[in-house]
Structures are given as structure tokens and as C-alpha cells.
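Down below is the structure, laid out as C-alpha cells.
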Amino acid sequence: MDYQKLADLIYPNLEHDTQYYEDMFPERDLPKGAQVLRTAPSPTGFIHLGNLYGALADERVAHQSNGVFYLRIEDTDLKRKVDGAVETIISVFDYFKIRFDEGAEVEPMGKYGPYYQRQRAEIYQTYAKKLISEGKAYPCFCTEEELNEIREKQTALNVGTGYYGEWAIWRNATYEQVEERIKNGEPFVIRMRAMGNPEIKHTVHDEIKGDVVVTENNMDAVLIKNDGIPTYHFAHAIDDHLMHTTIVLRGEEWLGTWNIHLELFNMLGFKLPKYAHTTVLMKIDETGTKRKLSKRKDPELSLDYYRQLGYHPYAIKIYLLTILNWNFEEWYLKNPDADIETFKFSLDKMGQSGTLFDLEKLNNICKTYLSKFSLEEMKDYLREFVKTYHKDDYDIYFGNEEKLDKILTLGMGLNLKKRRKDYINASQILESIALYYDEFKSQKDEYRFDNELVKNVLADFFSSYKYADDNNTWFEKVKTIGEKYGFTGDMKAYRANPEQFKGSVSDIAEIIRIAVTGQKNTPDLWTIMQILGEDTSLRRINDALKEL
Ligand code: GLU
């Protein structure tokens with residue numbers, strides 16, 4: 001068979017040869033030891049924790065070695081492509097401050113593009129043509145039905161399914177057979193002519209898993225689909241070669257087809273990059289079972305979950321590093337104030353099987369992180385979140401910064417030594433300060449006493465309230481009101497014999513609390529009223545009275 005003739009028949013119109021691309025994308029000029037890594041998400045509209053987990057590892061290894069980290073968009077599968085997905089990918093990585101040196105939508109883009117695979121169709125075809133001309137690849141005209149038939153026969157005979165060996169019916173087709181189909185305009189794919197023997201196994205080094213046993217490949221895998229676009233296998237080989245990736249870090253779901261990739265690099269005469277296969281993220285679910293995080297069942301798998309709730313990106317990174325490198329946690333304990341970028345990250349300290357993702361632990365890290373914020377840091381953080389997700393409310397929060405400062409320092413106790421440490425994310429903080437704003441306050445709890453009593457207590461409180469009263473004087477007044485209605489201010493006596501009283505002063509305070517804030521659990525009520533100011537406090541009591 002004249003393979004060159006076959007190659008010209010299949011691809012008569014390609015403008016360049018492979019040497020053209022080899023010259024166009026020369027070796028990168030980088031310092032010794034510099035590593036080149038990429039993250040290569042598919043634009044499916046769903047960007048998950050695994051993407052960030054991998055990207056963070058990529059970014060650390062690249063930047064720690066003064067190398068390059070780039071973004072490639074693997075948009076080869078049109079069926080899975082979703083409009084706006086690339087924008088989502090970029091904005092999510094931006095939110096988590098993952099810095100790319102080059103790639104899709106990066107400024108400047110870099111010299112190894114285009115970084116969208118669909119825009120590289122001609123490059124892949126040029127390399128496919130070369131493989132055909134060397135007898136290492138061939139066109140296959142099998143229809144879906146024919147492939148199904150092959151599979152059925154294989155199943156009946158109890159042999160391995162797939163397109164290989166004598167089952168690969170187009171593997172040894174003649175030039176004339178191919179020519180006839182081409183003349184008829186029939187669709188075809190390009191397959192590799194696999195030369196591996198599945199009886200033979202090799203040990204291959206993985207940067208994370210160590211030595212891995214890989215069986216030789218005998219599958220004539222598809223390289224170019226019938227629309228001229230490559231499969232993942234081929235695009236991976238061509239792109240990572242031309243873009244000079246030195247470490248291919250990707251999910252371990254690719255271990256199963258690694259043998260195809262190894263054979264392809266060999267066939268193409270490319271230098272093999274290093275590989276690092278990351279483990280899948282698991283969780284322990286409500287039933288105590290350890291299982292893979294699932295898109296359907298676990299909202300926390302989506303990165304948008306964290307963004308929408310306003311999780312602090314840095315805190316998420318701290319958590320991710322905790323599960324990425326087993327020695328990070330100890331380092332961070334010793335260096336709680338150090339920039340996490342100064343931690344020496346290494347691939348061989350990554351977990352080798354099923355990394356456990358624990359939302360509660362992540363939340364705890366966020367709590368600790370936020371509990372160290374100064375007033376300015378807290379405001380910057382909330383400002384960013386409100387600007388993005390609650391734009392219409394921006395003026396309410398930030399139009400009166402004096403009030404916000406008071407809420408955060410006095411109300412949230414940001415200035416106290418023993419401040420609250422249970423804030424996880426920005427939306428939770430906004431929810432907890434909603435009670436200070438008429439616009440957001442809501443009636444969360446109901447009074448536990450009859451209307452008559454509530455009315456009397458509120459009316460008495462309204463007439464005796466003085467803004468200038470200090471906390472003690474204020475509390476004495478509340479006690480006095482309570483006692484008038486059979487509620488004791490003597491907590492000791494109350495605890496000893498609760499049945500002797502109608503209730504305690506805290507029940508009375510609860511009535512006032514619900515009237516002022518709409519809820520029964522709040523920070524110190526006197527402080528809240530100081531923050532609200534005299535007018536607002538009295539108006540709220542008055543409104544509550546009117547509603548009874
Ligand atoms: N698009 C592939 C994925 O999302 C990329 C795998 C790789 O990094 O090579 O799994």
C-alpha cells in the first residue's frame with residue numbers, strides 16, 4: 001500500500017506539513033527546572049471542585065518552579081458544549097485568584113495558541129495525515145450499526161469488545177476500497193493502527209502514584225472524528241507536545257486510556273511529558289458510606305456554590321491545600337500568618353487514592369480565617385461580595401459606613417478579644433446583620449405569650465426607654481417591667497422554682513427582642529438598640545405595637 005497516496009487522498013488540501021508547526025512552536029525558553037502545566041477544562045457549563053483542585057496543583061507546581069501555567073479549552077465535544085461556559089470557567093478561576101500566564105482569554109494570550117481546540121482542527125489533521133502517510137493511522141468508514149454488530153459478536157464469543165486486531169475491518173483495507181467510499185462522500189474517522197500486545201505490561205512512573213503497571217494498547221482508537229475534530233486522546237498528544245507541557249496533571253479517570261496516549265507519543269516521535277494523575281474526590285455521606293462526590297447529589301461539588309454563598313477564595317485554597325498535600329496542615333499550623341504561596345508544594349505528597357472532601361472541615365477553616373479579619377478586611381470582603389451578588393443593595397450597606405462599622409464592631413464583636421468565630425461566608429454574615437436594616441429585617445419568630453401581655457410589656461418599655469441609659473440601667477428597667485407581670489429578675493430563684501413565676505426577665509427581654517429585631521436569638525439587645533439609634537428603636541417598638 002502506498003500510504004503517502006492514501007494520506008493525500010484523505011487530506012488533499014492541507015496547507016502545511018508538521019514541520020511547519022514544529023518550527024512555529026519551538027521549545028520554550030525557560031530557566032532550568034521550570035515546569036509547564038496546563039488546566040484543560042471542557043466547556044460543559046459545570047465547573048467543579050475537582051477542576052479547582054487540579055488547577056491549584058498545576059498553578060503551584062508551575063509557579064514554584066518559575067514555569068508556565070496556561071489555560072486550554074477542550075471544546076472538542078460539541079454535544080457537551082454550553083453557551084457561556086467559557087466565561088464561567090474564566091470568572092470562577094478569577095474568583096479563586098488562579099493566575100494564568102497564557103491561554104484562552106488571557107492577556108497577553110501567549111505564543112502557543114490558539115488555545116481553543118476547535119480552532120486547531122487543521123493542526124491535528126496535519127499530524128493525522130503524517131501518521132497515515134507512515135502507515136500508523138488509517139480511515140475507517142464503519143457506521144454505528146456496524147460497530148454495534150461487531151460488539152454483539154464479540155460479546156457472544158466472550159472476547160474483549162472494541163475495534164482491534166482482526167475485528168478492525170478497515171485496518172487492512174485497500175486503497176481502492178477507501179477511494180470508492182471517499183468518492184461517495186461517505187463519512188469516516190481516522191484511527192490509529194495500534195501495535196501493542198495486551199499480554200505485555202510495563203511499569204510507568206506517575207508523579208503522584210509512583211510506579212503504575214500499564215498494559216500495552218491494541219485498540220485502534222479514534223484520533224479524528226467524522227467532523228474533522230480530534231478526540232481527547234489525539235488532541236492531548238498534539239497539544240501537550242506543541243505547547244511544550246512538561247507535566248500532564250489530570251484526573252485519574254484517564255489512567256484507563258493512558259496506554260493509548262503512551263503509544264501515540266511514541267508513534268508521533270514526541271518526547272513523553274511527565275504524568276501526574278490526581279485522585280477522585282470522595283465524601284462520607286449521611287449514611288456513613290464513602291463515595292465519589294456527585295454532581296446530582298452534592299451541590300458542594302460545584303464551584304459556583306462557594307461563589308454564590310461568598311466563601312472567601314483564600315480560605316477555600318487553604319482547605320484545598322490541606323487535602324492536596326499531606327504535610328500542608330502541619331506547616332500551616334506552624335505558620336498561621338504566612339502566605340500560603342510560600343508553602344513548598346510537591347506532587348509526591350499528594351494522596352494516592354480517594355481524597356476525602358469534608359465540607360465541615362472546610363467550613364471550620366473559613367471560620368478561623370474570617371475570625372482574624374480586621375474591620376477593613378471584613379469590609380473589603382463584604383464590599384466585593386455585595387458588589388457582585390447584591391448590587392442593588394450596595395448603597396444600603398455602604399451608603400452609611402458609619403452604621404456598618406458599628407454593626408461589625410459592636411454587633412458582630414469584631415473589636416472584641418472574644419469575638420464570634422462562627423461566620424463561614426459572606427452571605428451568612430449579611431443574613432446575620434439583616435436585622436439592623438429595615439429593608440432586610442424579617443419576622444422570623446413569634447411571641448410566646450398572649451397579645452395582651454405582649455402589648456403591655458411593649459407599651460411599658462416604650463414609655464420608660466431612654467437611649468442614653470447604660471446597659472445596667474436599661475436592664476433594671478426591663479426587670480421592673482417584668483416583675484409587674486409576674487416575671488422574676490432573680491434568675492437563681494427562678495431556676496430553683498420556676499413554677500412559682502410566670503417566667504423570667506429573659507422572657508420579657510425576648511418579647512422586646514422580637515419586637516425590635518423580628519427574632520429571638522440575637523446579640524446583646526441593648527447594643528443592637530444603640531446601633532439602631534433612638535428613633536429606629538422606638539419606631540420598631542411602635543410598629544410592633546400597632547401590629548398586635
Ligand atoms: N478536558 C479534560 C478533562 O476535563 C482534560 C484532561 C487533561 O487535563 O488532560 O478531563
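For this chain, numbers begin at 1 and follow the sequence in order. Just follow the structure's listing: the first ligand is 1, and inside any ligand the first atom is 1.
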Discussion item. Tell me whether R38 forms a cation-pi arrangement with Y115, defined as NZ or CZ under 6.0 Å from the six-membered ring centre and within 45 degrees of its axis.
Written reply: no
Worksheet item: Taking the six-membered ring of F188, is NZ or CZ of R181 closer than 6.0 Å to its centre and within 45° of its axis?
Response: no
Worksheet item: Quick check: does any side chain N or O of D75 sit under 3.5 Å from a backbone N or O of R118, one acting as donor and the other as acceptor?
Response: yes
Worksheet item: If you measure from each non-hydrogen atom of H236 to ligand 1, which part falls under 4.0 Å: side chain, backbone, both or neither?
Response: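 The answer is neither; H236 stays 4.0 Å or more away.
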Looking only at protein heavy atoms, identify the closest one to [atom] and say how far it is in Å.
atom: atom 2 (C) of ligand 1; value: E74 OE1, 3.3 Å
atom: atom 10 (O) of ligand 1; value: W254 NE1, 3.3 Å
atom: atom 9 (O) of ligand 1; value: Y232 OH, 2.4 Å
atom: atom 8 (O) of ligand 1; value: R38 NH1, 2.8 Å
atom: atom 4 (O) of ligand 1; value: A40 O, 3.8 Å

Just by distance, with hydrogens left out, do [X] and [Y] show a side-chain donor and acceptor under 3.5 Å apart?
X: Y11; Y: T126; result: no
X: Y116; Y: E105; result: yes
X: R151; Y: N148; result: yes

Fill in: Per-atom contacts, ligand 1 versus R250 - under 4.0 Å to a heavy atom
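The list of qualifying atoms is 7 (C), 8 (O), 9 (O).
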Worksheet item: Is there a heavy atom in S42 that sits closer than 4.0 Å to ligand 1?
Response: yes
